[in-house]
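Accompanying notes for the structure given below.
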Amino acid sequence: MKWILGIAILSYTACQAQSEGSGAEDDALFQDIDLAEFERIRADYPDAVLLDLRTPEETDAGIIPGAEIVNFQSPNFVERLNQLDRKKIYVVYCASGGRSTRASRQMQEAGFERVYNLKPGYRGWKAAQ
């Protein structure tokens with residue numbers, strides 16, 4: 001009987017976590033964050049890896065300081081992801097949130113444990129500076 005209660009609690013907790021997530025129809029397992037949460041994560045987790053998923057043409061105009069560039073549109077994007085440590089904390093961004101949402105899903109499916117998607121993207125970050 002205790003195991004049934006345990007399963008029920010775990011199921012409820014999982015459903016609650018998904019409903020509090022990004023609000024996406026597919027209940028993505030990664031977490032969308034705004035600029036305030038981004039700054040908090042950077043302060044609380046200085047070892048978090050910041051990934052800029054934009055193209056070289058886009059990054060030539062500037063990047064968020066400390067970001068590592070991993071072009072989402074590159075043919076070797078998945079290969080590059082496979083080189084990353086899945087246990088680290090990752091914050092990903094693109095220009096406005098579309099590519100980073102797709103990349104966050106891929107990372108979660110590949111076994112990355114903590115992925116945060118900077119939803120306003122580089123444009124939102126730049127506008128707030």
Side-chain angles (χ1 to χ4, degrees):
M1 185 57 103
K2 287 182 181 179
W3 64 272
I4 292 174
L5 179 58
I7 290 172
I9 290 171
L10 286 174
S11 296
Y12 174 78
T13 303
C15 288
Q16 284 298 104
Q18 286 181 347
S19 69
E20 293 171 3
S22 67
E25 288 181 27
D26 60 352
D27 291 324
L29 299 173
F30 60 89
Q31 182 178 351
D32 287 336
I33 58 171
D34 60 16
L35 293 170
E37 185 68 8
F38 170 65
E39 293 302 331
R40 187 196 66 76
I41 289 170
R42 288 190 69 164
D44 290 351
Y45 304 102
D47 293 335
V49 179
L50 181 59
L51 298 180
D52 186 324
L53 304 174
R54 298 173 301 145
T55 65
E57 294 79 18
E58 292 172 301
T59 59
D60 284 348
I63 66 171
I64 298 175
E68 182 178 331
I69 300 169
V70 180
N71 181 0
F72 180 74
Q73 295 177 351
S74 170
N76 68 346
F77 176 72
V78 173
E79 179 183 319
R80 181 68 181 98
L81 281 185
N82 287 331
Q83 297 171 352
L84 300 175
D85 183 348
R86 285 161 169 69
K87 300 228 181 269
K88 289 187 176 184
I89 298 170
Y90 291 90
V91 177
V92 299
Y93 71 92
C94 61
S96 60
R99 286 172 283 181
S100 59
T101 296
R102 293 191 311 268
S104 294
R105 284 188 188 115
Q106 282 184 291
M107 292 175 76
Q108 198 70 47
E109 290 168 3
F112 286 80
E113 295 177 5
R114 293 178 73 183
V115 179
Y116 298 95
N117 176 31
L118 180 57
K119 196 62 175 168
Y122 180 78
R123 289 182 194 150
W125 177 84
K126 185 72 173 167
Q129 300 308 299

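The analysis underlying the following values was restricted to heavy atoms, covering all of them including side chains, and did not include hydrogens, waters or symmetry mates.
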Pair up each side-chain donor or acceptor in residues 70-77 with any protein partner under 3.5 Å, not counting sequence neighbours, and list the distances.
| unit_1 | atom_1 | unit_2 | atom_2 | d |
| --- | --- | --- | --- | --- |
| Asn71 | OD1 | Gln73 | N | 2.8 |
| Ser74 | OG | Asn76 | N | 3.3 |
| Ser74 | OG | Asn76 | OD1 | 2.3 |

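- Checking side-chain atoms of Tyr116 against main-chain N and O of Ile89 turns up no donor-acceptor pair under 3.5 Å.
- There is no path of hydrophobic side-chain contacts, each under 4.5 Å, that joins Leu118 to Leu53.
- Looking at heavy atoms from C-beta onward, Val91 lies out of side-chain contact with Tyr45 at the 4.5 angstrom threshold.
- Contact of the Arg42 side chain with the Ile64 side chain is registered, since non-hydrogen atoms from C-beta on lie closer than 4.5 Å.
- For the atom pair CD (Glu109) and CG (Leu81), the distance works out to 11.5 Å, reported to the nearest 0.5 Å.
- Taken to the nearest 0.5 Å, the CD atom of Glu113 stands 9.0 Å off from the CD atom of Gln108.
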**OP:** Go through Asp52 and Tyr93 one step at a time and tell me if the side chain to side chain donor-acceptor pair (under 3.5 Å) criterion holds.
**Re:** CA-CA 5 Å; Asp52 186 324; Tyr93 71 92; 2.6 Å; yes
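- In this structure, CG on Leu50 lies 10.5 Å from CD1 on Ile69, to the nearest 0.5 angstrom.
- Scanning for salt bridge (charged side-chain N to carboxylate O under 4.0 Å, His left out) contacts around Glu37 gives Arg40, with sequence neighbours left out.
- The distance from atom CD of Gln106 to atom CZ of Phe30, rounded to the nearest 0.5 Å, is 11.0 Å.
- The minimum heavy-atom distance linking Val92 with Met107 is given by the pair CG1-SD, 3.8 Å.
- The CG atom of Leu51 sits 9.5 Å away from atom OG of Ser104, with the distance rounded to the nearest 0.5 Å.
- For Tyr122 (side chain) and Arg54 (main-chain N/O), no donor-acceptor pair under 3.5 Å exists by modelled atom type.
- For Leu35 against Gly124, the heavy-atom pair with the smallest separation is CD1-O, 3.6 Å.
- For Arg123, the CZ atom is loosely surrounded, since the number of other residues' heavy atoms within 6.0 Å does not exceed 12.
- For the atom pair Cys94 SG and Lys119 NZ, the distance stands at 8.0 Å (nearest 0.5 Å).
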